[in-house]
**Student:** 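What follows is a single structure, and I will ask about it in a moment.
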Amino acid sequence: MNKHKETLRVILAISIIVVGVTHFLVPQEYVKIVPPQLPYPLGLVYLSGFYEILGGIGLLVPPVSQAAAWGLLALFIAVYPANIYMAANLIKIEHIPNSPWVHVVRLPLQAVLIAWAWWYTKSSVGEKQASIVPQSLIPKELESE
């Protein structure tokens with residue numbers, strides 16, 4: 001699996017950026033699944049979308065990729081109550097089938113995302129890492145971080 005680690009990094013990064021952007025394009029779909037106990041649901045949707053975009057970009061910037069992975073891991077844990085709320089109340093979201101089975105399968109997928117982000121919290125020292133920053137622009141003192 002390690003030989004595919006960087007391909008999977010790019011897939012996670014792009015996927016989470018796309019999901020983050022949708023928080024701004026169709027925020028009402030996400031507002032529906034914010035548990036009612038939480039204040040400012042629209043603000044939380046925008047905030048989580050912003051951090052998803054930031055984390056996805058960060059995964060592809062070697063000097064900050066570990067920190068970005070930790071941030072995404074924390075974010076995936078933080079938004080899990082919304083997934084539980086959605087499943088418990090069978091909340092219909094556009095383009096996602098509204099079936100109890102879909103919700104049952106979807107909940108454990110959050111653990112996969114958490115594990116996936118955790119994989120990138122480990123140092124990539126000595127490994128060639130996928131990057132959107134040209135190697136020549138990364139200061140030498142930050143390369144081994």
**Student:** Apply ring-ring contact (aromatic ring centres under 6.0 Å, His included) to His23 and list each qualifying residue two or more places apart in sequence or on a separate chain.
**Tutor:**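 Testing His23 for ring-ring contact (aromatic ring centres under 6.0 Å, His included), a comparison that skips the adjacent residues, returns Tyr30.
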**Student:** List the atom of Ile16, the atom of Gly56, and the distance in Å for their closest heavy-atom pair.
**Tutor:**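 Nearest heavy atoms, Ile16 then Gly56: CG2-CA, 3.4 Å.
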**Student:** What distance do Lys5 atom NZ and Trp116 atom CH2 have between them, rounded to the nearest 0.5 Å?
**Tutor:**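 The NZ atom of Lys5 sits 13.5 Å away from the CH2 atom of Trp116.
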**Student:** Under 4.5 Å between side-chain heavy atoms, chaining through other members, with only Ile, Leu, Val, Met, Phe, Trp and Tyr counted: pull out the rest of the cluster around Ile33, sorted by chain and number.
**Tutor:**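 Under the 4.5 Å side-chain rule, Ile33 groups with Tyr85, Met86, Ile91, Ile93, Ile96, Val102.
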**Student:** For a quick test of reading the model, state the closest non-hydrogen atom pair linking Gly55 to Ala68 and the distance between them.
**Tutor:**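 Nearest heavy atoms, Gly55 then Ala68: O-CB, 3.7 Å.
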**Student:** Decide yes or no for Val21 and Leu25: does some side-chain heavy atom of the first lie under 4.5 Å from some side-chain heavy atom of the second?
**Tutor:**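 Touching, per the 4.5 Å side-chain cut-off.
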**Student:** Excluding sequence neighbours, so at least two apart, what forms ring-ring contact (aromatic ring centres under 6.0 Å, His included) with Phe24?
**Tutor:** Tyr46
**Student:** Write out all pairs satisfying salt bridge (charged side-chain N to carboxylate O under 4.0 Å, His left out) with one or both partners inside residues 107-120, taking only residues at least two apart or from two chains.
**Tutor:**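 Those involving residues 107-120 do not exist here.
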**Student:** Would you call Leu75 and Ser48 a side-chain contact if the rule is heavy atoms closer than 4.5 Å?
**Tutor:** yes
**Student:** Given the rule that I, L, V, M, F, W and Y join up when any side-chain heavy atoms are under 4.5 Å apart, are Val79 and Val105 in one cluster?
**Tutor:**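 Different clusters: Val79 never reaches Val105 through Ile, Leu, Val, Met, Phe, Trp or Tyr contacts under 4.5 Å.
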**Student:** How would you list, by chain and number, every residue that makes a side chain to side chain contact (heavy atoms under 4.5 Å, CB included) with Ile14, sequence neighbours excluded?
**Tutor:**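 Once residues adjacent in sequence are excluded, the partners of Ile14 under the side chain to side chain contact (heavy atoms under 4.5 Å, CB included) criterion are Val10, Val18.
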**Student:** Side chains of Leu72 and Leu113: closer than 4.5 Å at any heavy-atom pair?
**Tutor:** no
**Student:** What is the distance from atom CG of Leu42 to atom CG of Leu47, rounded to the nearest 0.5 Å?
**Tutor:**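 Here the interatomic distance stands at 11.0 Å.
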**Student:** Any pair with a residue in residues 13-32 that passes salt bridge (charged side-chain N to carboxylate O under 4.0 Å, His left out), sequence neighbours left out, goes on the list, sorted by first then second residue, please.
**Tutor:** Glu29-Lys32
**Student:** Taking ILVMFWY side chains as joined if any heavy atoms are under 4.5 angstrom apart, and letting links pass through other members, which residues group with Tyr80?
**Tutor:** Ile84, Leu107
**Student:** Starting at CD1 of Ile57, measure out to CD1 of Ile17 and round the result to the nearest 0.5 Å.
**Tutor:** 5.0 Å
**Student:** Which residue pairs pass the salt bridge (charged side-chain N to carboxylate O under 4.0 Å, His left out) test with at least one member in residues 53-62, sequence neighbours excluded?
**Tutor:**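 Listed by first then second residue: nothing to list.
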**Student:** With sequence neighbours excluded, tell me which residues meet side chain to side chain contact (heavy atoms under 4.5 Å, CB included) with Trp118.
**Tutor:**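 Residues passing side chain to side chain contact (heavy atoms under 4.5 Å, CB included) with Trp118: Trp70, Leu73, Thr121, Lys122.
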**Student:** When Ile, Leu, Val, Met, Phe, Trp and Tyr are grouped by side-chain heavy atoms lying under 4.5 Å apart, directly or through other members, which residues fall in the same group as Leu90?
**Tutor:** none
**Student:** Kindly give the heavy-atom pair with the smallest separation between Ala82 and Pro35, and that separation in Å.
**Tutor:**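 Taking every non-hydrogen atom into account, CA-CD, 4.0 Å.
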**Student:** For the CZ atom on Phe76, are there more than 12 heavy atoms of other groups (residues, nucleotides or ligands in this structure) within a distance under 6.0 Å?
**Tutor:** yes
**Student:** Salt bridge (charged side-chain N to carboxylate O under 4.0 Å, His left out): which pairs involve residues 66-80, sequence neighbours left out?
**Tutor:** none
**Student:** In Å, rounded to the nearest 0.5 Å, how long is the span from CD1 of Ile11 to NE2 of His4?
**Tutor:** 10.0 Å
**Student:** Any donor and acceptor pair, going by atom type alone, linking the side chain of Tyr120 with main-chain N or O of Arg9 inside 3.5 Å?
**Tutor:** yes
**Student:** What pairs of residues pass the side chain to side chain donor-acceptor pair (under 3.5 Å) test when at least one of them lies in residues 99-113, not counting sequence neighbours?
**Tutor:** Asn83-Arg106, Asn83-Gln110, Asn98-His103
